Amino acid sequence: QVQPVESGGGLVQAGGSLRLSCAASGRTFSSYTMGWFRQAPGKEREFVAVISWSGGMTKYADSVKGRFTISRDNAENTVYLQMDSLKPEDTAVYYCATARDYTNYLTSVVSWGQGTQVTVSS
């Protein structure tokens with residue numbers, strides 16, 4: 001089973017950028033759909049972005065479309081989330097997840113990372 005570990009969170013001013021990384025152990029990384037989710041204080045965990053095993057298909061939440069970019073490097077067993085034009089409402093703990101199926105990624109998550117904090121100041 002692939003176990004993801006996030007890194008790259010931090011404090012940034014509104015309008016700034018951050019790049020999150022998710023390194024996943026396991027020889028079968030390239031066969032998994034990978035996704036990013038986030039949870040703000042007092043709110044439910046929400047979907048941010050997902051990428052297919054090949055990287056050929058991606059999907060984004062409307063709230064981040066045009067500002068965030070998900071990508072992956074299967075040779076390095078890593079998935080990235082480039083976050084630009086950050087807003088205070090992007091403040092949350094960001095989680096990386098592995099899933100078995102791109103089409104049904106929400107119901108096929110098999111593992112979660114521990115999360116990384118992103119704080120955007122106004």
Side-chain angles (χ1 to χ4, degrees):
Q1 183 168 323
V2 174
Q3 181 59 48
V5 178
E6 306 93 337
S7 61
L11 173 64
V12 63
Q13 287 191 326
S17 298
L18 276 177
R19 189 195 198 198
L20 304 183
S21 298
C22 173
S25 61
R27 292 180 295 176
T28 58
F29 171 83
S30 62
S31 66
Y32 283 89
T33 288
M34 299 296 295
W36 287 96
F37 294 75
R38 67 186 183 186
Q39 187 167 18
K43 294 189 175 182
E44 299 277 324
R45 188 173 299 188
E46 64 175 4
F47 163 74
V48 175
V50 63
I51 188 167
S52 63
W53 67 271
S54 67
M57 294 185 291
T58 59
K59 193 176 301 182
Y60 297 90
D62 288 342
S63 59
V64 307
K65 204 171 293 183
R67 300 187 298 121
F68 290 12
T69 303
I70 189 170
S71 62
R72 69 189 295 162
D73 184 341
N74 287 341
E76 297 294 328
N77 281 14
T78 303
V79 63
Y80 304 98
L81 186 69
Q82 177 66 41
M83 306 186 294
D84 299 318
S85 302
L86 282 161
K87 305 175 182 180
E89 51 263 45
D90 294 319
T91 295
V93 177
Y94 283 70
Y95 297 89
C96 180
T98 63
R100 294 197 184 280
D101 182 65
Y102 177 81
T103 302
N104 301 293
Y105 58 92
L106 287 176
T107 56
S108 66
V109 170
V110 294
S111 61
W112 294 92
Q114 82 288 349
T116 185
Q117 177 70 46
V118 171
T119 303
V120 184
S121 63
S122 56

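Throughout, numbering of the chain's residues begins at 1 and tracks the sequence. Small disclaimer: the values here were computed from a predicted structure and weren't measured.
Follow the hydrophobic side-chain contacts under 4.5 Å out from Phe29 and you reach Tyr32 in the same cluster. In the hydrophobic cluster analysis, where Ile, Leu, Val, Met, Phe, Trp and Tyr join through side-chain heavy atoms closer than 4.5 angstrom, Met57 is grouped together with Val109. Residues Val93 and Phe47 are members of one and the same hydrophobic cluster, defined by side-chain heavy-atom contacts under 4.5 angstrom among Ile, Leu, Val, Met, Phe, Trp and Tyr. Linking ILVMFWY residues whenever their side-chain heavy atoms come closer than 4.5 Å, directly or via other members, places Val64 and Val12 in the same cluster. Hydrophobic clustering, with ILVMFWY side chains joined whenever heavy atoms are under 4.5 angstrom apart, groups Val2 together with Trp36.
In summary, of the residues considered (Leu20, Thr91, Asp90), a side-chain contact (heavy atoms from CB on, under 4.5 Å) with Val118 occurs for Leu20 alone. When the options Val5, Thr78, Val79 are evaluated for a side-chain contact (heavy atoms from CB on, under 4.5 Å) with Cys22, the one that passes is Val79.
Of the inter-residue distances, the one linking Glu44 atom CD with Phe37 atom CZ reads 13.0 Å to the nearest 0.5 angstrom. Considering CZ of Arg72 and OG of Ser21, their distance stands at 13.5 Å, rounded to 0.5 Å. Residue Thr69 holds its OG1 atom at 14.0 Å from OH of Tyr80, rounded to the nearest 0.5 Å. Atoms OG1 and CG, on Thr116 and Leu81 in that order, are 11.0 Å from each other to the nearest 0.5 Å. Between the OG atom of Ser30 and the CG atom of Asp73 there is a distance of 11.0 Å, given to the nearest 0.5 Å. Atoms OG1 and CE, from Thr98 and Met34 in turn, are 6.0 Å apart once rounded to the nearest 0.5 Å.
Within the 3.5 Å criterion, the main-chain N or O of Gly115 finds a donor-acceptor partner in the side chain of Glu6. Judged by distance alone, the side chain of Asn77 and the main-chain N or O of Ala24 form a donor-acceptor pair under 3.5 Å. Looking only at distances, no side-chain donor or acceptor of Ser85 sits under 3.5 Å from a matching main-chain atom of Arg67.
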message: Under the criterion side-chain contact (heavy atoms from CB on, under 4.5 Å), I'd like the reasoning laid out for Phe68 against Leu86: C-alpha separation, chi angles, the key distance, then a yes or no.
response: CA-CA 9 Å; Phe68 290 12; Leu86 282 161; 3.8 Å; yes

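Counting only residues at least two apart or in different chains, salt bridge (charged side-chain N to carboxylate O under 4.0 Å, His left out) contacts with residues 103-119 are absent.
Closest approach of Ala14 and Ser122 over heavy atoms only: CB-CA, 4.3 Å. In terms of heavy-atom proximity, Ser71 sits nearest to Ile51 at CA-CD1, 3.6 Å. Annotation for Tyr60 and Ala49: closest pair CD2-CB, 3.6 Å, computed over non-hydrogen atoms. The heavy-atom pair separating Gln3 from Ser111 by the smallest distance is OE1-CB, 4.3 Å.
Annotation: Lys43, atom NZ; neighbour count of heavy atoms from other residues, nucleotides and ligands within 6.0 Å does not exceed 12.
Trp112 and Tyr95 have perpendicular rings, their planes meeting at more than 60° on a 0 to 90° scale where under 30° would count as parallel.
Partners of Glu46 under the salt bridge (charged side-chain N to carboxylate O under 4.0 Å, His left out) rule, at least two apart in sequence or in another chain, are Arg38.
Taking the centre and axis of the six-membered ring of Tyr102, the NZ or CZ atom of Lys59 falls inside the cone set by 45° and 6.0 Å.
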